[in-house]
Amino acid sequence: MPKSFLIADEVGLGKTIETGLILRYLLISQKVKPVLILARASIQPQWHEELRKKFNLT
């Protein structure tokens, strides 16, 4: 059965970092293959860049 996670917090509390750590673990342990991240268009470039630079996720 598919699982869903919602990471929602105040601005500046590390959602991108927390998400990156969770994604790296799930991908390395092969517990997940497809991943969908929904973010406002205005912050999508920031998320993309941080996940790529800090966690080597594309």
Side-chain angles (χ1 to χ4, degrees):
M1 189 144 253
K3 295 193 181 196
S4 298
F5 299 94
L6 174 64
I7 298 174
D9 233 331
E10 296 296 322
V11 173
L13 292 180
K15 291 176 293 294
T16 309
I17 302 301
E18 183 178 0
T19 301
L21 291 169
I22 292 167
L23 285 176
R24 283 299 283 171
Y25 167 75
L26 292 172
L27 291 167
I28 288 171
S29 63
Q30 297 181 345
K31 293 185 179 200
V32 67
K33 287 186 182 178
V35 174
L36 174 65
I37 297 175
L38 301 174
R40 285 192 324 249
S42 61
I43 62 170
Q44 186 274 334
Q46 172 194 340
W47 270 72
H48 183 265
E49 187 69 14
E50 285 192 43
L51 290 175
R52 185 183 62 78
K53 280 185 175 179
K54 294 178 180 169
F55 300 100
N56 197 29
L57 298 171
T58 57

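All values below come from the heavy atoms of this structure, side chains included, with hydrogens, waters and symmetry mates left out.
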Any chance you could measure [X], atom [atom1], to [Y], atom [atom2], to the nearest 0.5 Å?
X	Y	atom1	atom2	value
Glu50	Gln46	CD	CD	5.0 Å
Gln44	Glu49	CD	CD	10.5 Å
Lys54	Leu21	NZ	CG	10.5 Å
Lys15	Glu10	NZ	CD	7.5 Å
Leu23	Phe55	CG	CZ	8.5 Å
Glu18	Ile7	CD	CD1	4.5 Å

Checklist entry - For Leu27 and Val32, which heavy atoms make the closest approach, and how far apart are they? => result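 Heavy atoms only, the tightest pair is CD2-O, 3.7 Å.
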Checklist entry - Is any side-chain heavy atom of Val35 less than 4.5 Å from a side-chain heavy atom of Leu26? => result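 Result no, sub-4.5 Å side-chain heavy-atom pair not found.
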Item to check | Passing candidate, side chain to side chain contact (heavy atoms under 4.5 Å, CB included) with Leu57, options Arg52, Arg24, His48 | outcome: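 By the side chain to side chain contact (heavy atoms under 4.5 Å, CB included) criterion, Leu57 pairs with just one of Arg52, Arg24, His48: Arg24.
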